[in-house]
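Below is the structure I would like to discuss, written out as structure tokens.
Since the model is a prediction, treat every value here as computed from it, not as a measurement. Hydrogens, waters and symmetry mates play no part in the numbers below; they use all other heavy atoms, side chains included.
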Amino acid sequence: MCGRSGPPAKVRATMKAGFAAAALLMAGCATQATHTEPASYTFENGRWFDGQGFVERAVSVVGGRLVIDGDPREALNTIDLAGDYVVPPFCEAHNHNLGDSAELDDVQQTVAAYLQYGVFYAMMHGSFATYRQQIADLINTPESVDVAFANNGLTGSGGHPRRLREFLMDSYGSYPEFTKDTLPDAGYFEADTPDELREKWTLILAEKPDFIKVMLLFSEEYESRKGNPEYYGERGLNPDLLPGLVQMAQEAGLRVSVHVETDADMQTALRSGADMIAHMPSHDAPIRLSDETVALAADTQAGIITTLSLADRLKKRDPDLYEPTLEAQRDNLSRLSRAGANLVLGSDNVRDVSVGEARHIVSLDVLDNAALLRMWTENCASTVFPDRKIGRLEDGYEASFIVLEGNPLTDFDQIDTITLRLKDGEILDETSSYDIQRETAED
């Protein structure tokens, strides 16, 4: 599919089954991209997304940056996009499918799937520093996906994700380099007091995270759940510690993402200065946000990461909750959008690369397609890498985009019709179906 051989298959719940094919597909593309010289182009007759609609214009790529309405003579190659539609790369703001293992075949297949679906940026909200180091050469290159890592998160004693990590180890043989005794301070960090927090903070910083992940689960019940074996794995950090932790992170130049479950959790996180809410409440329960929480989200402009497709797990686990949960999602999403909150698309699904999450939000029929595209491109990219000029098709921004055959504003399924991927000024696909005029530097 490194040319116009047809759209990729739609994302399925068992997407991992298609990763091997995607790896073969993109391995050839990456080889071509490595030898694409020079990375200087003018793209003519394209329709470029401006955040609201599509604008016909010629755009150049010079020195790995977009040049809008510049002198096309600066570029050595001219590509006729034949009226196709250009959008910023897609983005995944919450996942765990890189950095939780060092199985290189799995990593390569996951990277290939990201690229296949036009997802160039991803944020891992829980990973092992050891595995991250081992896969470093396979990510954050022009031919791969760019990834920001939290490493592993901070929680309270017996809090999430301890039970989950132990379950995955026992049931699936995950993390073979570790045991239950060595998982603490590797698979999670636990602290219950300010002194313990400062102790763990030294360990967290030593692993050089890109951002900090905190677990805040049912914080309004913290005292009753603390130490209670009935709630093992279903509790988090002492909420009284969160403001101090956020301040410590800010002093270290790091942002904070908070896992929340309830409206009270989200309010506490936002009032404490969190930069990101890792899950929108109602991701797997019929929780409706209070007006106060919606207003706080809009005022703070913290990134509210959706993860709403996690509700699909209710179809088998608790089907009576499924439809009420979807109704709560529609209500929360609509009110947050109207208030002007910073909505960011993320799936928290290791079998997804954000495409399934986008389709789920479309199915809720709350937002128009332009708003969804902004969540998936601009809002997400600026959340994952806030110091980079990415996620928009504007002058001086990094030269990364994808080209679609049709208009996704009128037919969202056009996201499947990727005909060209350009990342960091490098073309990842053959473009034989486009009219390319090549010149030499001497010309």
note = Test side chain to side chain donor-acceptor pair (under 3.5 Å), reference H279, set D284, D265, T307, output is T307
inquiry  = Using ring pair (Phe, Tyr, Trp, His ring centres under 6.0 Å), reason through Y231 and F218 one step at a time and then give a plain yes or no.
reply    = CA-CA 10 Å; Y231 296 110; F218 310 100; 8.0 Å; no
request  = Could you tell me whether the side chain of R65 and the main chain of G396 form a donor-acceptor pair under 3.5 Å?
outcome  = yes
Enumerate donor-acceptor pairs with a distance under 3.5 Å from any side-chain N or O in residues 150-157 to protein atoms, sequence neighbours excluded.
{"unit_1": "N151", "atom_1": "OD1", "unit_2": "R132", "atom_2": "NH1", "d": "3.2"}
{"unit_1": "N151", "atom_1": "ND2", "unit_2": "E207", "atom_2": "O", "d": "3.0"}
{"unit_1": "N152", "atom_1": "OD1", "unit_2": "R165", "atom_2": "NH2", "d": "2.6"}
{"unit_1": "N152", "atom_1": "ND2", "unit_2": "S127", "atom_2": "O", "d": "2.7"}
{"unit_1": "N152", "atom_1": "ND2", "unit_2": "A186", "atom_2": "O", "d": "2.7"}
{"unit_1": "T155", "atom_1": "OG1", "unit_2": "H160", "atom_2": "O", "d": "2.9"}
{"unit_1": "S157", "atom_1": "OG", "unit_2": "D192", "atom_2": "OD2", "d": "2.3"}

ask   = Are any non-hydrogen side-chain atoms of D275 and S257 less than 4.5 angstrom apart?
value = no
Side chain E405, main chain T419, donor-acceptor under 3.5 Å = no
ask   = In terms of side-chain heavy atoms, does T417 have a donor or acceptor partner in Q414 at a distance below 3.5 Å?
value =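 Indeed, the side chains of T417 and Q414 share at least one donor-acceptor pair under 3.5 Å.
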message = Has W376 got a side-chain atom pairing as donor or acceptor with C91's backbone, closer than 3.5 angstrom?
response = yes
task = Would you kindly say whether S282 and Q329 are connected by a side-chain donor-acceptor distance under 3.5 Å?
result =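 Absent: no donor and acceptor within the cut-off.
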query = Say you draw a straight line from CG of D331 to CG of L336; how long is it, rounded to the nearest 0.5 Å?
reply = 9.0 Å
key: Separation between CZ of F120 and CZ of F385, rounded to the nearest 0.5 Å   =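 Output value for this atom pair is 13.0 Å.
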ask   = Going by atom types alone, do D263 and T293 pair a side-chain donor with an acceptor below 3.5 Å?
value =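 There is such a pair (donor and acceptor under 3.5 Å, judged by atom type) between the side chains of D263 and T293.
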task = Kindly assign one of parallel, tilted or perpendicular to the pair F43 and F401, based on the angle between their ring planes and the thresholds 30° and 60°.
result = perpendicular
key: side-chain contact (heavy atoms from CB on, under 4.5 Å) involving K315 - partner list, sequence neighbours excluded   = D312, Y322
request  = State whether a side-chain donor-acceptor pair under 3.5 Å links R338 with S334.
outcome  = yes
key: Any donor-acceptor N/O pair, N407 side chain to L409 backbone, under 3.5 Å   = yes
Donor-acceptor under 3.5 Å (T377 side chain, F90 main chain) = no
task = List in chain and number order the residues that pass side-chain contact (heavy atoms from CB on, under 4.5 Å) with T141, two or more places apart in sequence or in another chain; answer none if no residue qualifies.
result =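 Expected list: E143, S144.
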ask   = Side chains of S309 and E357: donor-acceptor distance under 3.5 Å anywhere?
value =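 The criterion, which ignores hydrogens and geometry beyond distance, is satisfied for E357 and S309.
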remark   = Tightest non-hydrogen contact, residues F54 and V86, listed as CE2-O, 3.4 Å
query = Can you tell me if N238 uses its side chain to pair, donor with acceptor, with the backbone of K226 under 3.5 Å?
reply =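 No, because the side chain of N238 does not come within donor-acceptor range (under 3.5 Å) of the backbone of K226.
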request  = Output yes when a side-chain donor or acceptor of S60 lies under 3.5 Å from a complementary backbone atom of V62, and no otherwise.
outcome  = no
ask   = Taking the side chain from S171 and the backbone from L168, do they hold a donor-acceptor pair closer than 3.5 Å?
value = no
request  = Could you check whether the rings of F178 and Y131 sit parallel, tilted or perpendicular, using 30° and 60° as the cut-offs?
outcome  = perpendicular
query = Considering residues, nucleotides and ligands other than E177, do more than 12 of their heavy atoms fall under 6.0 Å from its CD?
reply = yes
ask   = Which residue, I361, L372, L333, forms the side chain to side chain contact (heavy atoms under 4.5 Å, CB included) with L343?
value = L333
Between E166 and Y232: side-chain donor-acceptor atoms closer than 3.5 Å =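 E166 vs Y232: donor-acceptor pair found between side chains.
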ask   = Is a side-chain donor or acceptor of R163 paired with a backbone partner of E234 at a separation under 3.5 angstrom?
value =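 Flag not set: sc R163 to bb E234 has no pair under 3.5 Å.
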query = Is the backbone of R225 close enough, under 3.5 Å, to the side chain of R235 for a donor and an acceptor to pair up by distance?
reply =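 Indeed, once roles are kept as given, a pair shorter than 3.5 Å links the two residues.
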